[in-house]
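Read through the structure below, which is laid out as structure tokens, and then see the notes.
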Amino acid sequence: MKSQLQSLLRAALADVLPQAEAARASETPILLESTKDPRHGDLATNLALTLARPLNRPPRQLAEALARALPKSELFDKVEVAGPGFINFFLAPAALQRVVAEILERGAAYGRQPAAARGRLLLEFVSANPTGPLHVGHGRNAVYGDALANVLEAGGWQVEREYYVNDAGRQVDVLAVSVWARYLELCGALWFSFPRRGYPGDYLRATAEKLRAAHGTSAFRLAQDGIELPPDPPLAENAAEAEAAAVKQQQERYLDALIELLKTRLPQAYATIRDSALADQLARIRATLEQLGVRFDSWQSERAVVESGAVERAIAQLRAAGCVYEQDGALWFDAVRFGDDKPRVLRKRDGTATYFCNDLAYHADKLARGWPRLLDVWGADHHGYVARVQAAIAALTGRRDALQVQLIQFVTLSSGRMGKRSGNFVTLEELIGEVGRDATRFFYLSRSHDQHLEFDLELARAHSNDNPVYYVQYAHARIESVFRQAAERGLSHDPRAGLTTLDRLTDPTEKTLLAALERYPETLNSAAEGYAPHLLTFYLREVADALHQWYGACPFLVEEDALRHARLALAAATRQVLRNGLALLGVSAPEKM
RNA sequence: GCCCCGGUAGCUCAGUGGAUAGAGCGGCCGCCUCCUAAGCGGCAGGUCACAGGUUCGAUUCCUGUCCGGGGCGCCA
């Protein structure tokens, strides 16, 4: 509708303005807005106001001229110039009513672009470390990424969903040592203190239990004779910043000593414990994502990337490009040349690769696999990391924009903040168990991903009319119920017949609903273009709103066939749009509530 | 210090260079002999953080200040 009116306005512009000016004016986007006040028609544009200055013409006069020059169209009954120079369109009822036919005809495809018409992209999201359960922050990333993938697919992209498993690096060593300590503890053989900087969560005890079941109580032992461990001092609550940093450093050294001990003195045990711990954590993560209805097409292991030699290849490539140098015993990438703030270390003084180094190799690998476009979803705490990886991609491919990153802002629960090493976070599993999949997803998608989200547990948990997720679902259930009732009462509902009597849909609430349904394709488009699935959430609330108002104002199951068929056709169209939209959000559309 | 996100109704948040700033929750008042009341209607509640600037017009754009969250590792 809007795009049709835009072309009409463009034609009017060409008609009214001399050629030179028309060319200039054609660069201004023509904005059409839904009006708030029915006296201003249905759609309005401020085009004349915007152009008044550059064209040096009085806005009101320009608006009048444009209105006069508009080509004849069946789309609107009336055009008015109002206020300082708005052009208000009063749409023809038939123009809106037509949408019912289109929706019923296209069904699940209504609003969707032709599949894969826009190209292919690889979407990486969640990618949480397999060192513990997912928490509520990961949940937001997961639901956002999943809905985004759906929305992009509907918008004409071919999307593959990938989870990058960080199963390499120091965190994995910390995980292994933590489980080792839990195992020894379980066997009554823990002779060192549990590392304060280890992973304290109870969830590692389950892996320790399994290891004991599989290997008995005397495995993974190490005689403590002659082993000197550094201290693992406690951190005072009120410690000054500098002091706290020093203490943390000592704690990390203690942890490093344990890692060293395990890896060098018990290499077999290390591998066994590590693999067992990783497998458990990953299985749990997959199960949680499954509960949320989030699926991946591929799971890419960091260790596999490293072992494939991709890291060495990437370094060699950067070296060949002349943007690598050695300094202070480390290997550096000259990221500054590619837009980053400072040079970045690729290989540390101890000879191991940084996470960044592995990560750039991973991204290079994604491109090498033939993906023309990469989209990553990261937590906002990785914000400083974006320029770094893009710099690397620019250095490797010359196409900095081959990678785009969407940052997810923090989630807070009404009951407080979450942190991983603290050990007492609210897990995503707990949240889903408490709230349910539909409400969890709906709430996560109820705010723009680049805004902080306060998750109102009370409200989400409420199995009552307070809960906003039910508002939309109920609209769908109500329509289903109407059709059930129609069948029970023996009232026919012929969609084909309904389409011929759509002109009976004249109630203001019907007009509002028709206008809402008509906006679905453009809403979906905005959501895809802006990587903003929450726009769909807002939209569906509006559709539900319009449905409920209509439901209150007009009975559907009337005796008169023509009117009943028309109303039921609109009801069926509404049901279709609700289904299509909810499916993209991954929220169910129940038949009964 | 630098970078990112924010500051709009009691709470959580929409919103737009324009015509009377909205919703949900909470509060108050109505509506089921009628397709599901998980609904609908109404009332109360606002210096759109503050100060400048651009503009015919700023809550919206720019700058600064204040306040809140996050980030600035040879961690991942």
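So you know, we letter chains A, B, ... as the sequences are listed, proteins then strands, and number each from 1. Hydrogens, waters and symmetry mates are skipped; everything else that's a heavy atom, side chains included, is used.
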Please report, rounded to the nearest Å, how far the [atom2] atom of [N] is from the [atom1] atom of [X].
{"X": "A:Tyr539", "N": "B:G15", "atom1": "OH", "atom2": "C1'", "answer": "18 Å"}
{"X": "A:Gln451", "N": "B:G15", "atom1": "CD", "atom2": "P", "answer": "8 Å"}
{"X": "A:Asp350", "N": "B:G73", "atom1": "CG", "atom2": "P", "answer": "18 Å"}
{"X": "A:Tyr355", "N": "B:G73", "atom1": "OH", "atom2": "C1'", "answer": "15 Å"}
{"X": "A:Phe410", "N": "B:C4", "atom1": "CZ", "atom2": "P", "answer": "17 Å"}
{"X": "A:Arg541", "N": "B:A38", "atom1": "CZ", "atom2": "P", "answer": "19 Å"}
{"X": "A:Leu407", "N": "B:G71", "atom1": "CG", "atom2": "P", "answer": "13 Å"}
{"X": "A:His449", "N": "B:C13", "atom1": "NE2", "atom2": "P", "answer": "16 Å"}

Nearest-neighbour nucleotide for the [X] side chain, [options] considered:
{"X": "A:His452", "options": "B:G71, B:G69, B:U12", "answer": "B:G69"}
{"X": "A:His383", "options": "B:A76, B:G70, B:A38", "answer": "B:G70"}
{"X": "A:Glu454", "options": "B:C13, B:A76, B:C40", "answer": "B:C13"}
{"X": "A:Phe538", "options": "B:A14, B:A37, B:C4", "answer": "B:A14"}
{"X": "A:Gln409", "options": "B:C74, B:C35, B:C5", "answer": "B:C5"}

For [X], report the nucleic acid contact type (base, sugar-phosphate, nothing); a contact means any heavy atom under 4.0 Å.
{"X": "A:Phe356", "value": "nothing"}
{"X": "A:Arg347", "value": "nothing"}
{"X": "A:Ala44", "value": "base"}
{"X": "A:Asp450", "value": "sugar-phosphate"}
{"X": "A:Asp381", "value": "sugar-phosphate"}
{"X": "A:Cys357", "value": "nothing"}
{"X": "A:Asp328", "value": "base"}
{"X": "A:Ala387", "value": "nothing"}

Does [N] have [X] stacked on its base, where the ring centres are within less than 5.5 Å and the planes differ by under 30°?
{"X": "A:His382", "N": "B:A76", "value": "yes"}
{"X": "A:His40", "N": "B:A19", "value": "yes"}
{"X": "A:Tyr471", "N": "B:A38", "value": "no"}

Strictly distance-based, threshold 3.5 Å: is any side-chain N or O of [X] a donor or acceptor partner for the main-chain N or O of [Y]?
{"X": "A:Arg253", "Y": "A:Lys248", "result": "no"}
{"X": "A:Arg575", "Y": "A:Glu480", "result": "no"}
{"X": "A:Ser588", "Y": "A:Pro590", "result": "no"}
{"X": "A:Thr354", "Y": "A:Val345", "result": "yes"}

Between [X] and [Y], what is the ring plane arrangement, given parallel below 30°, perpendicular above 60°, and tilted in between?
{"X": "A:Tyr164", "Y": "A:Tyr362", "value": "parallel"}
{"X": "A:Tyr385", "Y": "A:Phe356", "value": "perpendicular"}
{"X": "A:Trp378", "Y": "A:His382", "value": "tilted"}

Which value, in whole Å, describes the distance between the [atom1] atoms of nucleotides [N] and [M]?
{"N": "B:G24", "M": "B:G15", "atom1": "C1'", "answer": "15 Å"}
{"N": "B:A44", "M": "B:U63", "atom1": "C1'", "answer": "39 Å"}
{"N": "B:G57", "M": "B:G52", "atom1": "P", "answer": "16 Å"}
{"N": "B:C66", "M": "B:A51", "atom1": "C1'", "answer": "11 Å"}
{"N": "B:G27", "M": "B:A19", "atom1": "C1'", "answer": "32 Å"}
{"N": "B:U8", "M": "B:G69", "atom1": "P", "answer": "15 Å"}
{"N": "B:G17", "M": "B:C13", "atom1": "C1'", "answer": "23 Å"}
{"N": "B:U55", "M": "B:U59", "atom1": "C1'", "answer": "15 Å"}

Inset, instruction - Give the minimum heavy-atom separation between A:Ile285 and A:Tyr163, together with the two atoms involved. - result: CG2-OH, 3.6 Å

Applying a 3.5 Å limit to both distances, which nucleotide forms a Watson-Crick or G-U wobble pair with [N]?
{"N": "B:C31", "answer": "B:G39"}
{"N": "B:A21", "answer": "none"}
{"N": "B:A49", "answer": "B:U65"}
{"N": "B:G1", "answer": "B:C72"}

Inset, instruction - Report yes if a donor N or O on one partner sits less than 3.5 Å from an acceptor N or O on the other, where the partners are the side chain of A:His548 and the base of B:C40; otherwise report no. - result: no

Inset, instruction - Would you state whether a donor and an acceptor, one from the side chain of A:Asp173 and one from the base of B:A76, lie under 3.5 Å apart? - result: no

Think [X] has a side-chain N or O under 4.0 angstrom from the OP1 or OP2 of [N]?
{"X": "A:Lys348", "N": "B:A76", "result": "yes"}
{"X": "A:Lys342", "N": "B:C2", "result": "no"}
{"X": "A:Arg447", "N": "B:A14", "result": "yes"}
{"X": "A:Gln549", "N": "B:G41", "result": "yes"}

Legend entry - A:Leu453 or A:Gln485, whichever maps to the more 5' nucleotide of RNA chain B: A:Leu453

Inset, instruction - Between A:Gly83 and A:Arg344, name the one whose nearest nucleotide on RNA chain B is closer to the 5' end. - result: A:Gly83

Legend entry - Chi-based syn or anti call at B:C40, which uses purine or pyrimidine torsion atoms and a 90° bound: anti

Legend entry - Matching residue for A:Lys2 among A:Thr45, A:Leu31, A:Leu43, A:Ile30 - test: side chain to side chain contact (heavy atoms under 4.5 Å, CB included): A:Leu43

